[in-house]
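Step one of this worksheet: look at the structure below.
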Amino acid sequence: MNASERGEIAVAEVGKYDIVIVGMGPVGATLACLCSRAGMSVAIVDRELGIFDKPRAIVLDHEALRVLQFCGMEAAFFDTVTPHTGTDFIGVDGQLIKLFDPKAPPFELGWAPNVMFIQPELEEALARAMDRCQTLTAMRGVNITSVTQDADGAMVNGTDREGAEVSFRASWVVGADGANSMVRETAGLAMEGMDFAEWWVVIDAWLTGEIDLPKKTTQYCQPKRPATYVVGPRNLRRWEIKLLPDEDPASYRDESRVSELLSQFADVDALSIWRSAVYRFSAAVADGWRNGRLLIAGDAAHTTPPFLAQGLCAGMRDAGNLAWKLAQVVLRGADPALLDTYEVERKPHVARIIHHAKEFGLIIGELDPAAAAERDAVLGEQLRTGAAPTERQAFVPRLAGGMLDNLSAAAGDLFVQPRIRGEDGDASLMDDVVPPEFLVVSRDPAMLELGTDLAAAWAAIGGVLLLIGDGAAPPGVGSLADAEGLIQTWLDRNDATAAIVRPDRYVYGAASEVSEIRRMARDIVAMHRPADTAQAA
């Protein structure tokens with residue numbers, strides 16, 4: 001079923017679902033797939049009848065790609081993405097003042113750190129992934145008008161495209177309904193501005209003729225007209241051009257003005273403009289991400305300037321973080337307080353990314369020539385001496401706080417994703433063969449001996465024990481043949497013999513003593529109810 005057919009589905013009568021998601025953009029669709037594939041009943045609704053057919057986000061990072069792996073995306077989608085070419089920052093006099101180079105393989109997380117994609121293609125692939133989810137109901141043309149909650153759940157009310165009333169009963173409601181989120185407003189979760197707001201024109205164009213353009217994404221840090229040039233996938237190119245203080249943003253809705261602006265950077269006769277839009281790039285984070293049964297994700301929880309290419313990636317992290325916690329609460333008896341760790345972990349993480357994105361926006365968008373010359377001198381010296389990071393991912397922090405073991409130095413790191421050799425000799429990425437559950441991973445069988453009661457409690461919450469290597473695994477323990485040795489390298493780097501990995505592949509903790517692994521496993525199991533489950537540990 002394609003997206004247009006999805007819009008023709010008749011709206012069901014009132015239904016009871018574990019999760020109702022408002023908003024069917026990439027974040028909402030990803031969350032819907034993750035929740036349904038975990039075993040929850042899910043309804044996702046959107047007021048639009050079809051997928052927006054123009055590009056918006058254009059970069060995904062390796063963590064977002066891992067989240068998409070768990071959505072059951074077809075392999076063909078991953079074949080459409082192309083590696084990021086890196087970024088050059090060009091100063092006032094045309095000199096290189098800063099750069100990001102693409103990381104060379106091998107890739108510890110299984111993917112290139114940053115790739116380029118076309119958003120309508122991503123959303124179509126997600127729509128097909130949702131179609132394959134047996135416990136997921138997706139409905140378009142539904143305008144949600146109210147959400148009310150009580151101690152046991154929430155009622156989501158709206159109208160279909162013909163004006164008929166529709167209602168849903170849910171245990172939990174997630175607003176992935178964008179920056180003007182109705183769910184966020186209903187939940188009383190205000191946005192906190194982070195002191196950044198600028199007007200930019202964004203132009204996406206296809207290359208149709210011979211044209212001399214940079215091979216890398218390029219930041220033109222020039223006061224006369226700050227701009228960004230992006231090398232997109234295939235022959236798609238993007239320009240983000242800052243409007244000057246005396247310019248009227250509304251005037252750039254005129255196609256001739258857009259072409260005139262673009263002509264400052266490229267031969268417009270060799271381009272076919274696909275889309276142009278005027279955006280007010282802004283920075284904000286919601287002051288709360290949960291109110292009772294209502295939660296928010298994606299742009300409903302944060303807006304990020306595009307200068308670090310992390311806006312959609314941050315939303316994908318929201319989906320990956322929230323989905324497994326909802327699954328533990330709904331399906332495994334975890335204390336609902338686990339959901340409070342969603343904000344504890346995600347809010348400071350995304351706030352730090354927004355801070356870095358703002359910094360890059362200020363570097364690129366400086367309009368004062370004297371200040372720009374001083375900036376160029378400082379950044380040029382940092383580049384010359386090697387003081388400046390040259391990998392974009394250096395500005396994406398580790399996770400801290402929340403559902404992590406605060407006694408472990410490795411907690412909050414992302415666990416590696418090696419290729420795993422199968423019995424037939426073929427190799428698959430780890431996340432394609434290991435379910436998104438809690439893992440205890442070690443090369444030493446003794447580190448996987450939790451004891452009878454704790455092992456049973458661990459299995460009851462979906463926990464998995466994994467022995468790394470080619471040897472035979474003990475009963476109740478799975479085995480992984482790490483074709484690249486990435487797991488052992490990671491363990492050695494962290495002075496550990498075993499690690500506990502969360503369902504979202506963040507490291508809960510690592511240790512070299514089995515007593516520490518058992519302690520961490522008991523702490524995780526203790527988050528669950530009924531009480532006798534925790535007592536069994």
Side-chain angles (χ1 to χ4, degrees), residues 38-39 70 324-325 327-335 337-338 341 399 402-418 420 430-431 433-482 486-537:
F70 285 129
W324 73 265
K325 293 174 180 177
Q328 290 294 321
V329 170
V330 172
L331 304 175
R332 302 271 167 66
D335 189 322
L338 176 63
T341 69
L399 208 60
M403 184 61 171
L404 300 168
D405 182 65
N406 59 18
L407 299 179
S408 172
D413 196 7
L414 271 167
F415 199 60
V416 294
Q417 181 179 204
I420 304 301
M430 185 184 81
D431 293 350
V433 297
V434 178
E437 303 286 2
F438 280 106
L439 313 175
V440 182
V441 181
S442 180
R443 285 185 65 92
D444 182 356
M447 296 295 291
L448 303 174
E449 294 177 0
L450 300 186
T452 302
D453 290 344
L454 180 55
W458 186 252
I461 65 168
V464 176
L465 305 175
L466 289 173
L467 181 66
I468 307 305
D470 297 320
V477 175
S479 63
L480 286 181
D482 180 352
L486 290 180
I487 294 177
Q488 188 59 45
T489 298
W490 186 92
L491 290 170
D492 291 343
R493 187 168 66 235
N494 287 278
D495 296 322
T497 308
I500 293 187
V501 183
R502 304 188 330 179
D504 58 0
R505 297 311 194 233
Y506 276 94
V507 176
Y508 179 81
S512 293
E513 299 292 336
V514 69
S515 60
E516 282 296 287
I517 294 297
R518 290 173 178 171
R519 176 189 61 77
M520 287 187 271
R522 282 194 295 269
D523 289 345
I524 292 169
V525 168
M527 282 288 297
H528 295 71
R529 299 293 182 268
D532 58 353
T533 302
Q535 290 170 358

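These values consider heavy atoms only, across backbone and side chains, with no hydrogens, waters or symmetry-generated copies. Quick caveat: nothing in here was measured; it's all calculated off a predicted structure.
- In this structure, the separation between CG on L338 and CZ on R332 is 12.5 Å, given to the nearest 0.5 Å.
- Pairs of residues two or more places apart, or lying in two chains, that qualify as salt bridge (Lys or Arg N to Asp or Glu O under 4.0 Å) and include a residue from residues 404-418 are D405-R519.
- For the pair V514 and A446, the tightest heavy-atom approach, listed with the atom from each and the gap, is CG2-O, 3.4 Å.
- Taking all atoms of both residues into account, the shortest heavy-atom contact from T497 to D444 is CG2-CB, 3.9 Å.
- Not one N or O on the side chain of N494 forms a donor-acceptor pair closer than 3.5 Å with the backbone of A496.
- With a 4.5 Å cut-off on side-chain heavy atoms, R522 and L454 count as touching.
- Between I524 and M403 the shortest side-chain heavy-atom distance falls below 4.5 Å.
- Legend: residues meeting ring-ring contact (aromatic ring centres under 6.0 Å, His included) with Y508, ordered by chain and number and at least two apart, are absent.
- Taken from CG in L491 to OG in S442, the straight-line distance is 6.5 Å, to the nearest 0.5 Å.
- D495 approaches S512 most closely through the heavy-atom pair O-OG, 3.1 Å.
- Nearest approach of F415 to I487, heavy atoms of both residues: CZ-CG2, 3.8 Å.
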(message) Let's go through I468 and Q488 carefully: what are the C-alpha distance in whole Å and the side-chain angles of both, what is the deciding distance for side chain to side chain contact (heavy atoms under 4.5 Å, CB included) to 0.1 Å, and is it a yes or a no?
(response) CA-CA 8 Å; I468 307 305; Q488 188 59 45; over 6 Å; no
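- When each of Y506, F70, F438 is tested with W324 by the rule ring pair (Phe, Tyr, Trp, His ring centres under 6.0 Å), just one qualifies, namely F438.
- The two residues I461 and Q328 make their nearest non-hydrogen contact at O-NE2, 3.3 Å.
- In this structure, the side chains of K325 and V329 stay at 4.5 Å or more apart for every pair of heavy atoms.
- In this structure, L467 and L448 have side chains that are in contact, with non-hydrogen atoms separated by less than 4.5 Å.
- Taking both residues in full, the closest heavy atoms of S479 and L466 are given as N-CD2, 4.3 Å, listed atom of the first, atom of the second, then distance.
- Looking at heavy atoms from C-beta onward, V507 lies out of side-chain contact with I500 at the 4.5 angstrom threshold.
- Among residue pairs with one or both ends in residues 503-515, those qualifying as salt bridge (Lys or Arg N to Asp or Glu O under 4.0 Å) are D431-R505, R502-D504; sequence neighbours excluded.
- A distance-only check finds a donor-acceptor pair linking the side chain of S408 to the backbone of A510 [under 3.5 Å].
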